[in-house]
Number of protein chains: 2
Amino acid sequence: MTELEKYIKTYFGVSNDELSTISAYFKPTTLKKNNYFLKSGRHCDKLGFVQSGIIREYVFVGNKEITKWISTSGYFVVDLSSFVFQQTARWNIQALTDCELYIIDQKDYQQIGKVVTRWTELEKLFIAKCFTILEDRVLTHLSMTAEERYNQLFSFNKELFNQVPLQYLASMLGMTPETLSRLRKKTLG
Amino acid sequence: MTELEKYIKTYFGVSNDELSTISAYFKPTTLKKNNYFLKSGRHCDKLGFVQSGIIREYVFVGNKEITKWISTSGYFVVDLSSFVFQQTARWNIQALTDCELYIIDQKDYQQIGKVVTRWTELEKLFIAKCFTILEDRVLTHLSMTAEERYNQLFSFNKELFNQVPLQYLASMLGMTPETLSRLRKKTLG
DNA sequence: ACTTGCTCTTGATAAAAATCAAGAAGTTTA
DNA sequence: TAAACTTCTTGATTTTTATCAAGAGCAAGT
């Protein structure tokens, strides 16, 4: 069973039949380091699942790159506004390491809905879950200092800090690389 | 046509038949100033639509109230994690003024899905839209200063600053009341 | 009208975080 | 291996924002 199948089974609680139907639509692919899954301005016509590797989602604000999220094994990557509403994509989605992905294109994705009865319901639940996670993330910015946000992420996923350039984590946490560097020093020493 | 019906029609693009079916499930109610639509810790078993008035969604973090959002006419109010996933509610949802609401309880809400074929699809699209709005909100915290966040909200909705206690807006923007006060002075003078 | 309480502002100060600049350490490339 | 990059750290400084404290302005209730 692939990571993708485990994920779908655990998260969506589908039957084995449904599971194999759904996962059959996802095609294994590789994405080489520094290559793009998606570039902003294009249309996002596919959904990816990270089997292995690390992927960064970022956007230019002015001349600055803002990293919105780092996806590791077990995360989906997509520009939802583009995938669902056919708008131009806002996010750049780029591999930080060589990656194994499972990819489904929009046409096949819509096909699932015709084959798996509960699919739209499962989609809804999944997006709702993502919404509540984002609500929490907003709350961290309303209620926590940079140091507290760093500590929270560090205790949640220590390995990330060995695998991902720290400047990207700093951006994702809403602070400068210098500030992150000093917070690391502070909590280690 | 009520605000609710206008909203549903504009946003979901449903037929007139579907519209009247859906809106019939929403019951007009009033909520007096300072009363609660929802208290955290309870189960959120209803969804509200603000016809008139102002509602604040907040949560205690430590001993501090954090205002997550201010809803005015045209907004839905709900604790999504509670309404969808049957968890205990995280948000306190309280009327800042006397309000007119349209409320639907969970049982009737589920009933819509049995009557309106596309309902789950419409739900999905609505939640996806909310997700992308939250993505933007996270981005403002990653890329903007307190002053920029204030200016953005002020140019988006000037009236809010006359209608809502500024301390709540400050919290929602992720700054102290003192900082908001000084930013207001700065941009006016 | 007079408290009482609440909200907002203002000032002084402290703390947090950003910026600017330089250099160290590690990688990649030629 | 050397040169060129890139990333991270560190120091000095400035800017931004929070904190603490006090008072002004209003509104509600007695």
Side-chain angles (χ1 to χ4, degrees), chain A residues 32-35 53-54 56 58 61-67 70 94-98 138-154 158-189, chain B residues 32-35 54 56 58 61-67 70 92 94-98 138-154 158-189:
Chain A
K32 285 281 174 202
K33 180 171 176 173
N34 293 330
N35 283 1
I54 304 177
R56 177 171 77 112
Y58 71 93
V61 177
N63 51 358
K64 262 196 209 161
E65 278 183 6
I66 305 292
T67 296
I70 305 281
Q94 184 185 24
L96 290 181
T97 64
D98 289 354
V138 168
L139 208 64
T140 66
H141 286 280
L142 300 185
S143 66
M144 293 168 110
T145 62
E147 182 169 4
E148 289 167 333
R149 292 196 302 277
Y150 160 70
N151 285 332
Q152 178 182 267
L153 181 62
F154 185 68
K158 290 185 175 47
E159 300 132 63
L160 214 53
F161 291 80
N162 298 319
Q163 297 168 331
V164 176
L166 297 171
Q167 57 181 321
Y168 299 147
L169 295 178
S171 176
M172 183 178 129
L173 286 166
M175 64 187 76
T176 60
E178 292 94 333
T179 295
L180 177 58
S181 175
R182 290 183 177 109
L183 291 176
R184 273 159 55 82
K185 192 181 176 187
K186 190 173 173 181
T187 51
L188 288 176
Chain B
K32 286 280 175 201
K33 180 170 175 172
N34 293 330
N35 283 1
I54 303 178
R56 178 170 76 111
Y58 71 94
V61 177
N63 53 358
K64 262 197 208 163
E65 278 183 7
I66 305 293
T67 297
I70 305 282
N92 296 286
Q94 184 184 26
L96 291 181
T97 65
D98 289 354
V138 168
L139 208 63
T140 64
H141 286 281
L142 300 185
S143 65
M144 294 168 110
T145 63
E147 182 168 2
E148 290 168 333
R149 292 197 302 277
Y150 160 70
N151 286 332
Q152 179 182 266
L153 180 62
F154 185 68
K158 289 185 174 48
E159 299 133 62
L160 214 53
F161 291 80
N162 298 319
Q163 297 168 331
V164 176
L166 295 172
Q167 56 182 320
Y168 299 148
L169 295 179
S171 176
M172 183 178 128
L173 286 166
M175 64 186 78
T176 61
E178 292 93 333
T179 296
L180 177 58
S181 176
R182 291 184 176 108
L183 291 175
R184 274 159 54 80
K185 192 180 174 188
K186 189 173 173 182
T187 49
L188 288 175

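All values below were derived from every heavy atom in this structure, side-chain atoms included, with hydrogens, water molecules and symmetry-related copies excluded. Below, read A as the first sequence line, B as the second, and so on, with proteins coming before strands; counting in each chain starts at 1.
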>> With a 4.0 Å cutoff (strictly under), does any side-chain N or O of B:Arg182 reach OP1 or OP2 of D:dT17?
In response: no
> How many Å lie between CZ on B:Arg184 and P on C:dT10, as a whole number?
Replying inline: 10 Å
> Which residue, A:Leu183 or B:Val164, contacts DNA chain C at a nucleotide closer to its 5' end, judged by nearest heavy atom?
Replying inline: B:Val164
> What integer distance in Å separates B:Leu173:CG from D:dT16:C1'?
Replying inline: 16 Å
>> Tell me whether the rings of A:Phe161 and A:Phe154 are parallel (<30°), tilted (30 to 60°) or perpendicular (>60°).
In response: perpendicular
> Would you say the side-chain atoms of B:Thr67 and B:Arg56 include a donor-acceptor pair closer than 3.5 Å?
Replying inline: yes
> So which nucleotide from D:dT17, C:dT10, C:dT7 ends up closest to the side chain of B:Gln167?
Replying inline: C:dT7
> For the pair made of CD in A:Glu178 and P in D:dT7, what is the distance, rounded to whole Å?
Replying inline: 14 Å
> Given C:dT9, D:dT7, D:dT17, which nucleotide is nearest the side-chain atoms of B:Ala146?
Replying inline: D:dT17
> Under 3.5 Å, side chain of A:Asp98 to main-chain N/O of A:Lys32, donor-acceptor pair present?
Replying inline: no
>> Check the phosphate of C:dA17 against A:Thr179, side-chain N and O only, distance under 4.0 Å to OP1 or OP2. Yes or no?
In response: no
>> Nearest 0.5 angstrom please: B:Arg184 CZ to B:Leu169 CG, how far?
In response: 9.0 Å
>> Rounding to an integer number of Å, can you tell me how far A:Leu166 CG sits from C:dG26 P?
In response: 14 Å
>> I want to check one thing: is the phosphate of C:dT10, taken as OP1 and OP2, less than 4.0 Å away from some side-chain N or O of B:Lys185?
In response: yes
>> Does A:Lys158 have more than 12 heavy atoms from other residues, nucleotides or ligands lying within 6.0 Å of its NZ?
In response: yes
>> Which nucleotide wins on minimum distance to the side chain of B:Thr176, given the candidates D:dT17, C:dA17, D:dT19?
In response: D:dT19
> Nearest-Å distance, NE2 (A:His141) to C1' (C:dA17)?
Replying inline: 14 Å
> To the nearest Å, how far apart are B:Met144 CE and D:dT15 C1'?
Replying inline: 18 Å
> Over how many whole Å does the gap from B:Phe161 atom CZ to C:dC8 atom C1' extend?
Replying inline: 14 Å
> Nearest-Å distance, CD (B:Glu65) to C1' (C:dC6)?
Replying inline: 13 Å
